[in-house]
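Let me begin by presenting the structure, written as structure tokens, before commenting on it.
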Amino acid sequence: MLTTPVPYFAFRHFPAGIDQQVELALLRALRGQQYILGQEVEAFEGEFANYLQAGAAIGVGNGYDALVVALKILGIGPGDEVIVPANTFIATVNAVVAVGAIPVLAEPDPYTCNLTAAVAARHITTRTKAIIPVHLYGQACEMDGFMQLAAQCQLTIVEDFAQAQGARYRGRPVGSFGRVSATSFYPTKNLGALGDGGAVVTSDPALAAYARMYCNYGQRQKYHNQIVGINSRLDTLQAAVLRIKLQHLDELNSERQRLAQVYLSALPGIGDIKLPVTSPDCTHVYHIFNIRTAQRDRLQLYLSEQGIQTAIHYPVPVHLQEAYTWLKYERGSLPVTEELAETSLSLPLYPGMTEAEQEAVITAIHTYFERHG
Ligand SMILES: *Cc1c(COP(=O)(O)O)cnc(C)c1O
């Protein structure tokens, strides 16, 4: 018997009216005929910086570019080491390699799944230049420890808040702690565009100016190039869309939190399921609702037979990827990360998900464990 089919993710009309607002914003940008940078990009950058309580946001082409640019403008390059969480999306690590530095993988906390300062500290050497806390799945990392570590050891903090726009640590938005921070507006992110997009965030005016110049061919003025830059700009149509989405970000995140609470109250004590744990000083905006069970593969298959799509973040940890054999980490060397890869399952969660859809997921999980204990 098939229950209601449930996608892992879907674009739904939430909150009511947002689709029309996005369409109007697109039409306005289209008719404005300013297709590269211009007023929409400037306005979005200002509004986003303001939302984050940060000095400046610089729109770029995608989240990966934002990370690369963040490291680049800090002067991080060959010979440097950058500490990154071992359990993250590949972009965080690729960006370190892209600037010529060495990624040093650190285990996440087994409860929050986030990197902590205590674990990062064990990996600091004379070559360590930066730490990249990733606010994974949408939960803010515990930033005080990282800020203290940075001050003590003269390191730079670069936040990767691609999964956590709107999350807070002790009331302050993530993205505002790092010397430089990076985020992504990939369509499924909490603040998503209708295509690729990203931003670099910093409260240092000199770094902001440098990032702006670097991302636009190293020119301050057209055809006058001060440095060898790149082309990575936030698309103007995407900026127009993001201005609307940003106005609704808190509401979109609250809806994610409400849906998460439904799972959190319906799933405790079922089989061996471990539910997401949020630290008291942190907020979680549930980009991903991650559960863990030793029966992950069988549960996923069962749910898929019931028409319920799930996802795995991430099935193969970075250190076991073919692309990273040269880092020479053995299987078994990062046990928490490897356990997460084997047991994690991401349940469907998106603003606009219906009660019937969520009920179908919960019922199917109950049924699976009733049969397979
Ligand atoms: C999505 C994501 C990125 C990269 O963003 P893109 O825009 O897809 O390049 C980087 N880091 C994390 C943690 C992400 O989830």
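For ligands, and for the atoms within them, numbers begin at 1 and follow the listed sequence. One is the number of the first residue; the rest follow in order along the sequence. Because only heavy atoms are used, hydrogens play no part in the values below, and waters and symmetry mates are left out as well, while side chains stay in.
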- Hey, are E338 and H319 close enough side-chain-wise for a donor-acceptor pair under 3.5 Å?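 E338 and H319 do have a side-chain donor-acceptor pair below 3.5 Å.
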- Task: Heavy atoms only: give me the nearest Q238-G195 pair and the separation to one decimal.
- Result: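 Residues Q238 and G195, closest heavy atoms: OE1-N, 3.5 Å.
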- Run through the side-chain heavy atoms of Ile, Leu, Val, Met, Phe, Trp and Tyr, join any pair under 4.5 Å, and report what else lands in V201's cluster.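 Other cluster members: F44, F48, Y51, L52, F161, V174, F185, L191, L234, L242, L246, L249.
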- Is there side-chain contact between L37 and N216, with heavy atoms separated by less than 4.5 Å? yes
- Query: Parallel under 30°, tilted from 30 to 60°, perpendicular over 60°: which one fits the rings of Y368 and Y302?
  - Reply: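 Aromatic pair Y368/Y302 classed tilted.
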- Message: Please determine whether salt bridge (Lys or Arg N to Asp or Glu O under 4.0 Å) holds for the pair R243 and E40, giving the CA-CA distance in whole Å, both sets of side-chain angles, and the decisive distance to 0.1 Å.
- Response: CA-CA 8 Å; R243 290 184 70 191; E40 295 285 355; 3.1 Å; yes
Short N or O separations between ligand 1 and the protein, below 3.5 Å:
from: ligand 1; atom 1: 5 (O); to: S184; atom 2: OG; distance (Å): 3.2
from: ligand 1; atom 1: 7 (O); to: G63; atom 2: N; distance (Å): 2.7
from: ligand 1; atom 1: 7 (O); to: S184; atom 2: OG; distance (Å): 2.7
from: ligand 1; atom 1: 9 (O); to: G63; atom 2: N; distance (Å): 3.3
from: ligand 1; atom 1: 9 (O); to: Y64; atom 2: N; distance (Å): 2.9
from: ligand 1; atom 1: 11 (N); to: D160; atom 2: OD1; distance (Å): 3.4
from: ligand 1; atom 1: 11 (N); to: D160; atom 2: OD2; distance (Å): 2.8
from: ligand 1; atom 1: 15 (O); to: Q163; atom 2: NE2; distance (Å): 2.9
from: ligand 1; atom 1: 15 (O); to: K189; atom 2: NZ; distance (Å): 3.1

